[in-house]
There are 4 protein chains.
Amino acid sequence: MSDTEALQEAPRRGRPRSERSRKAILAAASELLLDGGLDSTSMDAVAERAGTSKATIYRWWPSKELLALEVLFAEWDAQRPASSDTGALAGDLLALIRPWARQLGARPYGRVIAGLLARAQSDPGFAEEYRARFVEPRRDQAREIFARAIERGEIAKRTDVESALDLLYGAFYQRLLHGHAPLTDRFARTVVGYVVAGVSQTPI
Amino acid sequence: MSDTEALQEAPRRGRPRSERSRKAILAAASELLLDGGLDSTSMDAVAERAGTSKATIYRWWPSKELLALEVLFAEWDAQRPASSDTGALAGDLLALIRPWARQLGARPYGRVIAGLLARAQSDPGFAEEYRARFVEPRRDQAREIFARAIERGEIAKRTDVESALDLLYGAFYQRLLHGHAPLTDRFARTVVGYVVAGVSQTPI
Amino acid sequence: MSDTEALQEAPRRGRPRSERSRKAILAAASELLLDGGLDSTSMDAVAERAGTSKATIYRWWPSKELLALEVLFAEWDAQRPASSDTGALAGDLLALIRPWARQLGARPYGRVIAGLLARAQSDPGFAEEYRARFVEPRRDQAREIFARAIERGEIAKRTDVESALDLLYGAFYQRLLHGHAPLTDRFARTVVGYVVAGVSQTPI
Amino acid sequence: MSDTEALQEAPRRGRPRSERSRKAILAAASELLLDGGLDSTSMDAVAERAGTSKATIYRWWPSKELLALEVLFAEWDAQRPASSDTGALAGDLLALIRPWARQLGARPYGRVIAGLLARAQSDPGFAEEYRARFVEPRRDQAREIFARAIERGEIAKRTDVESALDLLYGAFYQRLLHGHAPLTDRFARTVVGYVVAGVSQTPI
DNA sequence: TCCTAACCGAGACGGTACGTCGCGTCTTAGG
DNA sequence: CCTAAGACGCGACGTACCGTCTCGGTTAGGA
């Protein structure tokens, strides 16, 4: 018996959850979040724009942060590409990173992400949730790529993969959050190039 | 006549600003900010702890963010080390980065910085101020180091220094903000090593 | 269909207004107003004493003055006596005035009324509201009494009733606001006596 | 040796009080008070308009109320007419009351007076000062007039003069403070007529 | 066909913090 | 000794969101 069936077994009496409200809330939150960031987005405004009541929002999302998390997840992580295997570290990383970087630069996600990061600093539980949904999946994909490169002998066995991941992703977050330079495709290629070269060092 | 003299010429009428209040406000804000981050720090609480009135705070700092900026700047950037010239890119970068990384890891600055970054996303003016005081000075120091390395012929003339800076600093911000791993000295050495190796690539 | 039914037809959606809060606010305001007058009564203090939030007060009373107006109206005008017809101007006026004067003298209403009058000077809308609720109802009662006296032939048809009302009520307000002498029952009788004599003049 | 000389004997060292400031403060306060009443008049605004510092105002006037008192006294009581003796109660009262009523109606004094009365309710000391400067002098003038009428036998010895004064002045304050009707000359004549008739009653 | 559980909107509630204004006091430099 | 300038501690203002709580109504499955 599958998990899904097990969950569906619950008796579910009473009026079912309104799908219309769920979608309207996510849509309203999305617009407001991308418009002004987490702080500028009030639950009252979300409720009003969605045509629902605040109680309905709080019934399904315990906090504004978790609502934002789901909003972002829904429209962002939806298009996470399947890992492709090009046979080279640089190729694999580029295939992984370039669509993500393009998406990051397309809309003002920085506003929302910075807000979520800020909340995460003071709320360990939320931080955990945030990492589990946004950070680790992407790092996992890159980890596999590095693992394959090690297996192939392309890079050293003792490569510090975790630090390499911080270098790789950190560079994009740096531009996303500080806004001092755009997240261009060229930047993505340069970053991947430097990271690959960095871990490919051959100390004599 | 020097600038200093010219400034001193100002008549300085009226009761002078209270140095005691200034220090008390910065001290109170510092404690509260490191304790709970930007959001948890209310101007009311700062005023009460400092033994001043809110009006006095707002007279000198237009917003909580700018107060936090000055607080952080005062106690953080105070100990920015003078650039040292070791004759090697790796040595220079390590001398610059290691004290900074040590400081970053010593106290919960992540809370405050994440908060400031969040505000910067929605307030271009504040973002500019933030970059001018926190980001650019440090990048300038590293820029010089890279410039010397290019001059020495240690790295290629066409090195993308700006991207290298994003790699370098981004890695530290990544750990600071995401909290998935500690900002150890070992991490600093690894990051610098990878960055140096990355820009030292010798394409055949 | 009666008006009452028509009003009841209103759907009354949402959480109903808290009767407990309404009463607590009026009670708290009453105590504070009689204790220290309008100026010394802060909305913060009313909210704290009533155990409500300021927002709840402002939701139902747009200003401190209108809250004070309702407070006073509730506990003061509640006991406005029905007009009695003694068949003589002096008797009717005494029956109307003496309970009112007794009430005026019993508690420090002067504080509140003086405050309200002060606000009324600068706020025509509030002045209108004040007159409609406090002044005109009492003047109307006295107007009727004078009208009956004219009808009976007790006083001249061309009596300037409005001025007589100013004389009558003004004397009490004079003592109430200036506090130079108490509002005794004897004073009430004297005032009514002089006013009745004044309008009963028979110029030869 | 006169009192005046004795006072002038004081050594008076240092810079003398600035007459210019004194006048400017009174003028500024007068404009602001007549413009918006006591509450709307801030000491900051008075100081700014007068071109003085707040400290200078507080050095010579202990509070806003006492400043307002002097302002009003200066421009109002200045023209208190000398008592005239017409030989009849009505004539004497009219000579006393009509110029005062005309002045009352000419400018928005109600605003200021209502404000002062409000403050007097909560500050017995100020109430005393207010009565001594504004109320009693005028009542004294009227008291003398009633005394002469009693002496002449025009009215009864046992006339309750104090109540008569409350009737007389109260009628004007009533219109001044409630604003329901104008302070016309006709009203002054009517009031005086009724008061005189009231105290002239000849009970058989 | 009714009962009853779970949902829904509307909107009032107790709180906390906001940024501003006015008070009366103070601390300077200067006439 | 007085003055202007202006900063100071204090306390209240009226507003905005927070997350919670009633309400009257709606929508389903089970009795």
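Values below: all heavy atoms of this structure, side chains included; hydrogens, waters and symmetry mates excluded.
Between the CG atom of A/Leu32 and the P atom of F/dC17 there is a distance of 11 Å, given to the nearest Å. Taking atom CZ of B/Arg13 as the reference point, atom P of E/dG30 lies 10 Å away to the nearest angstrom. With rounding to whole Å, A/Arg59 atom CZ is found 14 Å from E/dA10 atom P. Atom C1' of nucleotide F/dG9 and atom CZ of B/Arg49 are separated by 19 Å, given to the nearest angstrom. E/dC18 atom P lies 10 Å from atom CG of B/Asp39, rounded to whole Å. The interatomic distance linking C/Ile57 (CD1) with F/dC13 (C1') rounds to 13 Å, in whole Å. Across the protein-nucleic acid pair, B/Glu19 atom CD and E/dT28 atom C1' stand 15 Å apart, rounded to whole Å. The CZ-P distance, from C/Arg17 to E/dC13, rounds to 7 Å in whole Å.
No contact: A/Ser40 has no heavy atom under 4.0 Å from any strand. Within the nucleic acid shown, A/Trp61 has no heavy atom closer than 4.0 Å to any nucleic acid atom. Within 4.0 Å (heavy atoms only), A/Arg22 reaches no atom of the nucleic acid at all.
In this structure, C/Ser30 contributes its side chain and C/Val71 its backbone to no donor-acceptor pair below 3.5 Å. Panel note: side chain D/Thr41, backbone D/Gly37; a donor-acceptor pair is recorded below 3.5 Å.
Cation-pi check for B/Arg133 over B/Phe73 is met; the charged atom lies under 6.0 angstrom from the ring centroid and within 45 degrees of its normal. Both tests do not hold together for A/Arg22 against A/Trp60: distance to the six-membered ring centre under 6.0 Å, angle to the ring axis within 45°.
In this structure, C/Ala114 and C/Leu177 approach most closely via the heavy-atom pair CB-CD2, 3.8 Å.
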Audit row: D/Arg119, D/Lys64, side-chain contact (heavy atoms from CB on, under 4.5 Å) steps and yes/no: CA-CA 10 Å; D/Arg119 302 301 173 102; D/Lys64 187 162 73 170; 4.2 Å; yes

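Contact annotation: B/Trp60 does not reach the phosphate of F/dG6 (side-chain N/O to OP1 or OP2, under 4.0 Å). Phosphate proximity of E/dA12 to C/Ser21: absent, as no side-chain N or O sits under 4.0 Å from OP1 or OP2.
Between the side chains of B/Tyr109 and A/Gln121, not a single donor N or O lies within less than 3.5 Å of an accepting N or O.
DNA chain F is contacted by both B/Arg20 and D/Arg20; D/Arg20 maps to the nucleotide lying nearer its 5′ end (nearest heavy atom per residue). Toward the 5' end of DNA chain E, the nearer of the two residues A/Ala50 and C/Ala50, judged by each one's closest nucleotide, is A/Ala50.
Looking at B/Ser53, its side chain comes within 3.5 Å of the base of F/dG9 through a donor and an acceptor atom.
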Could you run down the sub-3.5 Å N/O contacts of the protein with nucleotides 19-22 of chain F?
{"residue": "F/dG19", "atom": "OP2", "partner": "A/Tyr58", "partner atom": "OH", "Å": "2.4"}
{"residue": "F/dG19", "atom": "O5'", "partner": "A/Tyr58", "partner atom": "OH", "Å": "3.4"}
{"residue": "F/dG19", "atom": "N7", "partner": "A/Lys54", "partner atom": "NZ", "Å": "3.0"}
{"residue": "F/dG19", "atom": "O6", "partner": "A/Lys54", "partner atom": "NZ", "Å": "2.8"}
{"residue": "F/dC21", "atom": "O2", "partner": "C/Arg15", "partner atom": "NH1", "Å": "3.0"}

